[in-house]
There are 2 protein chains.
Amino acid sequence: MSNNQFRKGELYSFITGKASTAIARRLQKKFNTAELNVTIEQWSVLYHLWKQDGISQQELCNATFRDKPSITRLVDNLEKLQLVKRVSSDADRRMNLIFLTRQAQKLQEQSMGLAEETLNEALEGVPPERIEICKEVLQIVYDNLK
Amino acid sequence: MSNNQFRKGELYSFITGKASTAIARRLQKKFNTAELNVTIEQWSVLYHLWKQDGISQQELCNATFRDKPSITRLVDNLEKLQLVKRVSSDADRRMNLIFLTRQAQKLQEQSMGLAEETLNEALEGVPPERIEICKEVLQIVYDNLK
DNA sequence: GACATATAGTTGTTTGTGCAACTATCCAAA
DNA sequence: TTTGGATAGTTGCACAAACAACTATATGTC
């Protein structure tokens with residue numbers, strides 16, 4: 001099946017993800033202003049650890065849609081910031097389980113508040129049902145390609 | 001105005017732009033397979049030059065939503081690949097005008113074909129009117145934040 | 001004309017990404 | 001029990017992004 005209605009017009013924006021870039025930049029600025037000393041990418045790892053602590057780097061790869069070297073380095077930097085620690089698994093010594101530190105737990109509430117605030121600014125003036133459709137389309141795109 | 005219906009749920013995907021990441025990776029793979037020796041970021045600069053040749057680096061910043069140092073380095077690399085050349089403007093000697101080479105002109109048709117193909121794969125199964133809504137929402141998000 | 005200010009572009013530094021090649025460990029089949 | 005393949009993670013390299021500090025040129029005002 002072909003979507004030929006989707007022609008040259010806005011091809012560019014779809015591919016380059018200008019909207020998500022804009023969201024990420026705005027959120028990063030809020031983090032900087034609030035002196036939360038983390039990057040958006042680091043935060044995206046913490047986000048999944050807040051949902052479930054002590055998962056492996058491989059699970060973080062799947063959750064964040066990043067490859068293994070990217071996660072290795074993000075965890076490196078999060079460890080330098082003393083926000084997580086690697087604990088090698090007893091059950092399978094190839095694996096590192098990644099645990100949040102107390103410091104990282106303290107970040108959760110404030111950073112999630114700023115994320116929500118950013119999304120509210122981003123979606124200002126967009127009716128809820130259109131947001132819903134947009135989310136669904138983006139999910140299908142992701143499923144089609146992942 | 002607040003969009004409180006937009007809660008924790010899919011906050012993550014919106015911010016991280018998993019869909020556009022997936023599209024960009026797929027397109028990059030097609031470029032590599034076809035031995036088009038360019039990155040998606042370089043291609044995004046060429047894309048605007050194909051629309052209008054001989055524009056300044058500042059205009060490329062605006063068009064591609066990148067800062068000046070990013071464009072400086074992308075143009076550096078495109079120049080190394082002999083796909084563009086910098087010509088300093090007679091009218092304003094601060095400016096470089098960026099011109100496509102013959103080689104870059106040859107890339108246009110094939111790369112645009114691969115981009116369209118990628119979008120068709122991405123949007124497979126999504127009805128046209130939903131694509132339209134999604135594009136509109138992303139445009140509003142961009143306008144709200146840029 | 002001289003000077004202050006704005007604009008165009010470059011460079012250095014830190015961080016992140018994608019790919020390939022590598023090590024270490026696990027597991028299953030001979 | 002050995003061995004061969006799969007899986008988890010790391011390292012090296014090239015490319016890109018964000019920010020700050022910098023140079024060079026243009027322009028408006030006195």
Side-chain angles (χ1 to χ4, degrees), chain A residues 15-18 20-33 37-46 55-81 83-84 86-98, chain B residues 15-18 20-33 37-46 55-81 83-84 86-98:
Chain A
I15 291 171
T16 57
K18 292 201 314 188
S20 59
T21 303
I23 293 174
R25 279 189 206 162
R26 173 69 60 97
L27 180 55
Q28 183 70 67
K29 267 178 196 148
K30 285 181 194 286
F31 282 180
N32 295 344
T33 302
N37 195 27
V38 288
T39 66
I40 298 304
E41 294 83 359
Q42 291 163 1
W43 175 82
S44 80
V45 171
L46 297 177
I55 62 180
S56 70
Q57 294 188 197
Q58 183 56 55
E59 288 172 302
L60 285 171
C61 291
N62 302 336
T64 64
F65 195 42
R66 287 181 168 86
D67 69 357
K68 290 192 292 179
S70 294
I71 290 297
T72 292
R73 275 137 187 164
L74 285 173
V75 172
D76 285 350
N77 286 337
L78 285 166
E79 228 177 7
K80 275 182 212 153
L81 292 168
L83 293 172
V84 304
R86 286 178 165 96
V87 177
S88 101
S89 164
D90 286 340
D92 183 340
R93 284 183 320 174
R94 291 170 303 179
M95 286 200 290
N96 296 329
L97 304 182
I98 311 301
Chain B
I15 291 171
T16 57
K18 292 200 318 187
S20 60
T21 303
I23 292 173
R25 277 188 208 164
R26 173 69 60 97
L27 181 55
Q28 183 69 67
K29 268 179 196 150
K30 285 181 195 285
F31 282 180
N32 295 343
T33 302
N37 195 26
V38 289
T39 66
I40 298 304
E41 294 84 0
Q42 290 164 3
W43 175 84
S44 80
V45 171
L46 296 178
I55 61 181
S56 70
Q57 293 186 199
Q58 183 57 56
E59 287 172 302
L60 284 171
C61 291
N62 301 336
T64 63
F65 195 41
R66 288 181 167 86
D67 69 358
K68 291 190 292 180
S70 294
I71 290 296
T72 291
R73 275 137 186 164
L74 284 173
V75 173
D76 285 349
N77 286 336
L78 284 166
E79 228 175 9
K80 276 182 211 150
L81 292 168
L83 293 172
V84 304
R86 286 177 166 96
V87 177
S88 100
S89 165
D90 285 339
D92 183 340
R93 283 186 320 177
R94 289 171 303 179
M95 286 201 289
N96 295 330
L97 304 181
I98 311 301

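What you see is a predicted model; the values in this text were computed from it and never measured. We name chains A, B, ... by the order of the sequence lines, and we start the count at 1 in each one.
- Residues satisfying the salt bridge (charged side-chain N to carboxylate O under 4.0 Å, His left out) test with D67(A), not counting sequence neighbours, are none.
- Summarising the geometry, the separation between CZ on R94(B) and P on dT25(D) is reported as 10 Å, rounded to the nearest angstrom.
- Boundaries of the chain A contact region on DNA chain C are dT15(C) to dC26(C), first to last in 5' to 3' order (nucleotide atom under 4.0 Å from a heavy atom).
- To the nearest 0.5 Å, the span separating CZ on R73(A) from CG on N77(A) amounts to 10.0 Å.
- Residues T16(B) and F65(A) fail the side-chain proximity criterion, which asks for heavy atoms closer than 4.5 Å.
- K18(A) places its NZ atom 14 Å from the P atom of dA17(D), with the value rounded to the nearest Å.
- Under the 4.5 Å side-chain criterion, counting only non-hydrogen atoms from C-beta, S44(B) is in contact with R66(B).
- Axis angle between the ends of the helix from dG1(C)-dC30(D) to dA30(C)-dT1(D), five pairs each and rounded to 10 degrees, works out to 10°.
- dT7(D) atom P lies 12 Å from atom CG of N62(A), rounded to whole Å.
- Taking OG1 of T39(B) as the start and CG of L27(B) as the end, the distance is 10.5 Å to the nearest 0.5 Å.
- Considering CG of L83(B) and CD1 of I98(B), their distance stands at 12.5 Å, rounded to 0.5 Å.
- One distance of note links CD of Q57(B) with CD1 of I71(B); it measures 7.5 Å at 0.5 Å rounding.
- Under the side chain to side chain donor-acceptor pair (under 3.5 Å) criterion, S56(A) pairs with E59(A), not counting sequence neighbours.
- Taking side-chain N and O atoms only, R86(A) has a distance below 4.0 Å to OP1 or OP2 of dT10(D).
- Within residues 21-30 of chain A, the residues that have a heavy atom under 4.0 Å from DNA chain D are, in order of number, R25(A).
- To the nearest 0.5 Å, the span separating CG on L60(B) from CG on L74(B) amounts to 9.5 Å.
- Residue N96(A) is classed as a sugar-phosphate contact, given heavy-atom separations below 4.0 Å to backbone atoms only.
- The shortest distance between side-chain heavy atoms of V84(B) and L46(B) falls below 4.5 Å.
- Proximity of a side-chain donor or acceptor of Q28(A) to a complementary backbone N or O of V38(A) within less than 3.5 Å is detected.
- Between the CD1 atom in I40(B) and the CD1 atom in I23(B) there is a gap of 11.0 Å [rounded to 0.5 Å].
- At a threshold of 4.0 angstrom between heavy atoms, the contacts of D67(A) include nucleobase atoms, whether or not backbone atoms are also involved.
- Between L78(B) and R86(B), the closest side-chain pair of non-hydrogen atoms is not below 4.5 Å.
- One can place CG of N32(A) at 12 Å from P of dA18(D), the figure rounded to the nearest angstrom.
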Within the sub-3.5 Å range, which N or O atoms of nucleotides 13-16 of chain D have a protein N or O partner, and how far apart are they?
from, atom 1, to, atom 2, distance (Å)
dA16(D), OP1, T39(B), OG1, 2.4
dA16(D), OP1, Q42(B), NE2, 3.1
dA16(D), OP2, N77(B), ND2, 2.5

